[in-house]
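Presented below is the structure to which this report refers.
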Amino acid sequence: MLDIKLIRDNPDTVFKAMEKRGEDLDQVREIIDLDNTYRQLLKEAETLRARRNDVSKQISHMKDKPADLIAEMRQVGDRITGIEAEANQVAGRLEDKSLRLPNMPAEDVPVGKDAADNREVRSWGKPKGFTFDPLPHWELGEKLGIIDFQRGVKLSGTRFYVLSGLGSQLQRALINFMLDTHSKQHGYTEIYPPFMVKRECLVGSSNLPKFADNLYHDAEEDYWFIPTAEVPLTNLHRDEIIPPATLPIYYVSHTSCFRREKMAAGKDTRGIKRGHQFEKVEMYKFVEPETSDGELTRLVADAEDICQKLGLPYHVIQLCTGDLGFAAVKTFDIEMWAPGCKEWLEVSSCSNCGDFQARRANVRYRPDPEAKPRLVHTLNGSGLALPRVMIAIMENYQQADGSIVVPEALIPYMNTTIIR
RNA sequence: GGAGGGGUGACCGAGUGGACGAUGGUGACGGUCUUGAAAACCGUUGUCUCCUCACGGGGACCGUGGGUUCGAAUCCCACCCCCUCCGCCA
């Protein structure tokens with residue numbers, strides 16, 4: 001959520017930012033109108049309230065309660081109720097509109113229309129040459145008996161799969177390797193959060209109200225399944241004032257992620273690239289506003305470190321204004337080359353969200369013991385998404401006979417050096 | 001799930017209709033005193049929001065949401081959470 005004061009006082013800044021994103025500017029105009037109406041009503045209600053408070057105080061001092069004053073105040077009370085009902089209605093609409101307006105891109109984000117305008121900022125490693133035709137992971141997985149697509153469908157339907165034997169072990173090894181690396185080498189505190197959360201958590205992270213159609217929801221108990229660990233991690237400090245000298249806070253968390261993928265219907269249905277349930281290791285930072293840009297650089301570096309330790313070639317691309325996620329100020333994606341399915345796989349997306357989520361989730365910090373609370377900045381980045389890294393490993397480390405060499409970094413986590 | 005108890009400011013803890021944003025204490029900060037420190041004493045110490053260039057002023061907040069009333073931390077209703085006991089369970 002943007003600061004309503006910013007929208008009010010510098011509407012042009014907001015218009016320009018939304019234009020760069022390709023957003024409909026009418027939303028901003030509506031917000032400004034609703035804000036004006038709301039404050040007008042609030043002012044009326046508060047003036048009446050001040051009068052009532054004053055008179056009530058006077059009445060409390062009087063021996064004989066004056067019936068006419070009380071009657072008058074009863075009317076004032078009714079008017080207050082009426083105006084407030086109206087004000088609440090306007091406030092509700094204002095909130096809904098505000099929650100649906102995306103964040104403003106940072107000044108240095110390249111302006112562009114869509115993914116085609118994203119920029120490669122660097123690349124690492126050389127794609128391995130093959131003396132044979134590398135197979136896609138779904139063929140490798142089935143041949144090796146480590147991915148069972150048919151039974152996944154039997155159990156749960158399309159976009160579900162079963163990992164078995166060394167397939168399952170490879171995933172577990174990767175999870176442990178990533179958690180260990182981030183917690184022991186990069187300074188993150190490991191968190192195990194709930195996978196089902198309350199509605200307000202999704203509002204805090206900005207998945208709701210706008211992206212409800214990508215979420216699983218238990219109507220009976222009103223639990224929402226997390227689409228990423230970013231959701232519970234954002235809310236870990238919801239409605240808190242973080243004490244002085246505490247920031248930055250770094251968290252890392254492995255969770256299952258649940259996504260309906262309504263928007264991507266029919267896309268990427270083959271293999272394990274896009275399922276309704278997948279594992280992810282997520283890094284998350286709460287930082288002081290002045291430091292968030294530098295923290296993003298280091299967040300990307302922490303994600304890259306995993307790629308490098310696994311010996312998997314990748315490139316880093318910066319998203320342009322038109323491709324930026326809803327909450328992000330600036331984002332870098334990491335993509336790995338998959339020689340089997342011959343495409344770049346997005347294994348990580350690292351974003352600085354500025355104070356956008358912090359305002360929604362009401363996460364503040366106190367710079368000094370005497371100072372007023374300020375909103376923190378939040379950052380999130382995959383470190384990394386498991387299925388796609390599995391694809392990259394399988395396809396990059398495959399051999400002519402269909403076996404897969406285990407990357408060196410994972411050998412201590414596996415009971416084998418080769419999957420065959 | 002059943003029975004009972006309880007949710008008040010950073011913390012402890014008073015407050016059952018009217019000067020209560022909330023007594024008191026602790027902690028923290030500033031000051032007096034002291035060579036220094038402790039003790040003692042004095043003072044300061046919430047969040048949000050609206051109006052104002054500012055000084056300052058208004059409004060809201062005592063788990064959450066409704067209701068009663070001229071007026072609610074205090075009364076009524078619903079819900080949530082915590083504690084104790086019982087039941088059930090990985």
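Just so it is clear: chains get the letters A, B, ... in the order the sequence lines come, proteins before strands, and each one is counted from 1. These values consider heavy atoms only, across backbone and side chains, with no hydrogens, waters or symmetry-generated copies.
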Q | Results of side-chain hydrogen bond (donor to acceptor under 3.5 Å, both in side chains) for Asn103(A) - residues two or more places apart only | A | none
Q | Contact residues, residues 69-82 of chain A to RNA chain B [heavy atom, < 4.0 Å] | A | Ile70(A), Met73(A), Arg74(A)
Q: Find the distance Asp239(A):CG to G63(B):P and express it as a whole number of Å.
A: 16 Å
Q. So, Arg374(A) versus Tyr365(A): side-chain donor-acceptor pair below 3.5 Å or not?
A. yes
(Q) Regarding Lys5(A), tell me which of base, sugar-phosphate or nothing describes its non-hydrogen contacts under 4.0 Å with the strands shown. (A) sugar-phosphate
Q: For Gln40(A) and Asn36(A), test the side chains for any donor-to-acceptor distance below 3.5 angstrom and give the result as yes or no.
A: no
Q: Between U47(B), U49(B), G59(B), spot the one nearest the side chain of Pro373(A), thanks.
A: U47(B)
Q: Using the C1' atom as the reference point in each nucleotide, state the distance between U84(B) and G31(B) in Å, no decimals.
A: 48 Å
Q) Starting at NZ of Lys198(A) and ending at P of G63(B), how long is that distance when rounded to a whole Å? A) 16 Å
Q: Whole angstrom is fine here: how far is it from CD1 in Ile83(A) over to C1' in G59(B)?
A: 14 Å
**Q.** Who pairs with C53(B) - Watson-Crick or G-U, where each distance is under 3.5 Å
**A.** none
Q. What does U84(B) pair with, Watson-Crick or G-U, if both distances are under 3.5 Å?
A. A3(B)
Q.
Which nucleotide, if any, forms a Watson-Crick or G-U wobble pair with G27(B), using both distances under 3.5 Å?
A. U45(B)
(Q) Does U47(B) have OP1 or OP2 under 4.0 Å away from a side-chain N or O of Lys372(A)? (A) yes
Q: Tell me whether the OP1 or OP2 atom of G71(B) has a side-chain N or O from Asn53(A) closer than 4.0 Å.
A: no
Q.
Quick check on RNA chain B: between Asp54(A) and Arg364(A), whose nearest nucleotide comes earlier from the 5' end?
A. Arg364(A)
**Q.** Partner nucleotide of A78(B) by Watson-Crick or wobble geometry (both distances under 3.5 Å)
**A.** U64(B)
Q: Kindly state each residue pair satisfying ring-ring contact (aromatic ring centres under 6.0 Å, His included) with at least one member in residues 231-272 of chain A, sequence neighbours excluded.
A: Tyr188(A)-Tyr250(A), Phe225(A)-Phe258(A), His237(A)-Tyr251(A), His237(A)-Phe286(A)
Q.
Output the rounded distance in Å from CD (Glu46(A)) to P (G58(B)).
A. 12 Å
Q) What residues, two or more places apart in sequence or in another chain, satisfy side-chain hydrogen bond (donor to acceptor under 3.5 Å, both in side chains) together with Arg159(A)? A) none
(Q) Please determine whether a side-chain nitrogen or oxygen atom of Arg49(A) lies at a distance below 4.0 Å from atom OP1 or OP2 of G58(B). (A) no
Q.
U49(B), OP1 or OP2 - any side-chain N/O from Arg8(A) closer than 4.0 Å?
A. no
Q: Using atom CD1 of Ile59(A) as one end and atom C1' of G18(B) as the other, report the distance to the nearest whole Å.
A: 10 Å
**Q.** Side-chain donor-acceptor contact under 3.5 Å, Ser351(A) with Asn380(A)
**A.** no
Q | Counterpart base for C20(B), defined by Watson-Crick or G-U wobble contacts under 3.5 Å | A | none
Q. Which listed nucleotide (G46(B), C70(B), G58(B)) is nearest to the side chain of Arg366(A)?
A. G46(B)
Q: Can you tell me, in whole Å, how much space there is between the C1' of A73(B) and that of G13(B)?
A: 14 Å
Q) Expressed as a whole number of Å, how far does the C1' atom of G21(B) sit from that of U74(B)? A) 15 Å
Q.
In whole Å, I'd like the distance from the CG atom of Leu48(A) to the C1' atom of C50(B).
A. 15 Å
Q. Of the candidate nucleotides G58(B), C48(B), G18(B), which contains the atom at the shortest distance from the side chain of Ser60(A)?
A. G18(B)
Q: Please report, rounded to the nearest Å, how far the P atom of A60(B) is from the OH atom of Tyr38(A).
A: 13 Å
Q) If we take the P atom in both U26(B) and G17(B), what is their distance in whole Å? A) 30 Å
Q. Mind checking the C1' distance from C20(B) to G24(B)? Whole angstroms is fine.
A. 14 Å
Q: May I have the distance from Asp9(A) (atom CG) to C50(B) (atom P), rounded to whole angstrom?
A: 10 Å
Q. Hey, are Arg39(A) and Asp35(A) close enough for a salt bridge, meaning a charged N less than 4.0 Å from a carboxylate O?
A. yes
(Q) Does anything in residues 177-193 of chain A form a salt bridge (Lys or Arg N to Asp or Glu O under 4.0 Å)? List the pairs, not counting sequence neighbours. (A) Asp180(A)-Lys184(A)
Q.
Would you say Ser403(A) and Gln399(A) are linked by a side-chain donor-acceptor pair, where the criterion is simply a distance under 3.5 Å?
A. yes
Indicate every side-chain donor-acceptor pair of residues 85-98 of chain A with a distance under 3.5 Å to a residue at least two apart or in another chain.
residue	atom	partner	partner atom	Å
Asn88(A)	ND2	Glu84(A)	O	3.4
Asp96(A)	OD1	Arg100(A)	NE	3.2
Asp96(A)	OD2	Arg100(A)	NE	3.1
Lys97(A)	NZ	Glu30(A)	OE1	3.4
Ser98(A)	OG	Leu94(A)	O	2.7

Q. Mind checking the P distance from A90(B) to G15(B)? Whole angstroms is fine.
A. 46 Å
Q. Considering only the C1' atoms, how many Å lie between A22(B) and G5(B), rounded to the nearest integer?
A. 25 Å
Q | A40(B) versus G46(B) - spacing of their P atoms, nearest Å | A | 24 Å
Q.
What's the closest nucleotide to the side chain of Arg52(A) if the choices are C50(B), G71(B), G59(B)?
A. G71(B)
